[in-house]
Amino acid sequence: LAIAAIAAPALTTTTTHAQDAVQWRVEDGGNGHWYESIVTGAIAFWDARDRALQAGGDLASLSTEPEDSWMCAQGWTQTSWLGGYKTQGGPWTWLDGEEWGYTRWNICSPANGSRESALMCPLHCDPPTTGCGSGGGWYDYDPVSDAFYRSEEHTSELQSHSDLVC
């Protein structure tokens, strides 16, 4: 993101759980994955991924509109990293290997700047047509910037606190 209003402020390094883990249940049209909002203080993209992997999950891949809509309906309100990334000049991909297809870019993104290679979700889920820096939609952002993060566990059982979400 190139929008200062989207960057999360630095917080303490203690971990708090913004909400208990929630499963997007298969019987509700979901994928069976678990998600949890965890605020650890704002950290860089690769540090966020390392923490998510250490907890048994990965940064969340919102690879379909239903998954993205379900995530928005959870009411998590932290601007945070998602598991999307691109190499310079390369295509966007999900770090966990899910297929990249669905997107919900902000009207100003992807800017595809040389340093904007990590995917960030804003603090709210407004439609992406509300204008640059003023609303919903995903942003490409410099991965060394600080933000909260989202993670997702692909197993049917939650192990400790492995899913982190915006």
Side-chain angles (χ1 to χ4, degrees), residues 1 6-87 90-105 116-125 136-166:
L1 290 203
I6 298 302
L11 300 176
T12 63
T13 58
T14 59
T15 300
T16 60
H17 296 268
Q19 182 169 326
D20 292 334
V22 178
Q23 184 181 30
W24 189 27
R25 300 177 333 156
V26 173
E27 55 269 28
D28 295 333
N31 57 16
H33 300 178
W34 288 87
Y35 303 82
E36 184 177 1
S37 181
I38 298 177
V39 179
T40 60
I43 60 176
F45 178 79
W46 293 110
D47 294 334
R49 185 170 196 224
D50 288 344
R51 287 189 187 179
L53 290 170
Q54 288 170 4
D58 203 342
L59 294 176
S61 298
L62 305 183
S63 57
T64 66
E65 188 280 329
E67 184 176 20
D68 189 31
S69 294
W70 179 87
M71 183 80 70
C72 287
Q74 301 313 302
W76 291 305
T77 58
Q78 299 86 17
T79 296
S80 58
W81 297 117
L82 292 174
Y85 183 77
K86 73 175 186 77
T87 58
W92 283 92
T93 60
W94 293 113
L95 293 171
D96 67 0
E98 287 192 39
E99 182 178 340
W100 184 272
Y102 167 78
T103 63
R104 187 171 57 88
W105 291 112
E116 296 173 338
S117 59
L119 184 61
M120 185 180 282
C121 177
L123 59 94
H124 45 78
C125 291
W138 303 341
Y139 290 89
D140 54 342
Y141 208 67
D142 185 342
V144 300
S145 300
D146 289 343
F148 299 112
Y149 60 109
R150 300 180 183 192
S151 176
E152 156 182 13
E153 184 175 301
H154 289 250
T155 63
S156 60
E157 297 178 22
L158 183 65
Q159 299 168 2
S160 64
H161 49 72
S162 57
D163 297 330
L164 318 162
V165 182
C166 162

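From a predicted model like this one, the values you see are computed outputs, not experimental measurements.
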Trainee: Kindly give the heavy-atom pair with the smallest separation between Leu119 and Trp100, and that separation in Å.
Mentor: CD2-CH2, 3.9 Å
Trainee: OG of Ser117 to CG of Asp142: how many Å apart, nearest 0.5 Å?
Mentor: 7.0 Å
Trainee: Say you draw a straight line from CG of Leu82 to CG of Asp58; how long is it, rounded to the nearest 0.5 Å?
Mentor: 11.5 Å
Trainee: Say you draw a straight line from CD of Glu67 to CD of Glu98; how long is it, rounded to the nearest 0.5 Å?
Mentor: 6.0 Å
Trainee: Please report the shortest heavy-atom distance between Trp105 and Asp140, naming the atom on each side.
Mentor: CZ3-N, 3.7 Å
Trainee: Could you pull out the closest heavy-atom pair between Gly32 and Gln23, with the gap in Å?
Mentor: O-NE2, 3.0 Å
Trainee: Could you pull out the closest heavy-atom pair between Leu59 and Ala52, with the gap in Å?
Mentor: N-CB, 4.0 Å
Trainee: Kindly indicate whether the side chain of Gln74, heavy atoms from C-beta on, has any atom under 4.5 Å from the side chain of Tyr35.
Mentor: no
Trainee: Begin from the C-alpha positions of Trp70 and Asn31 and carry the test side chain to side chain contact (heavy atoms under 4.5 Å, CB included) through to its verdict.
Mentor: CA-CA 11 Å; Trp70 179 87; Asn31 57 16; over 6 Å; no
Trainee: Name all residues meeting the side-chain hydrogen bond (donor to acceptor under 3.5 Å, both in side chains) criterion together with Thr64; count only those two or more places apart in sequence or in a different chain, and write none if there are none.
Mentor: none
Trainee: Which atom pair, heavy atoms only, marks the closest approach of Ala44 to Pro143?
Mentor: CB-O, 3.4 Å
Trainee: Roughly how far, to the nearest 0.5 Å, is the CH2 atom of Trp138 from the CH2 atom of Trp92?
Mentor: 10.0 Å
Trainee: Rounded to the nearest 0.5 Å, what separation is found between the CG atom of Leu95 and the CH2 atom of Trp81?
Mentor: 11.5 Å
Trainee: Measure across Leu62 and Tyr102 and return the closest heavy-atom pair with its distance rounded to 0.1 Å.
Mentor: O-CD2, 3.4 Å
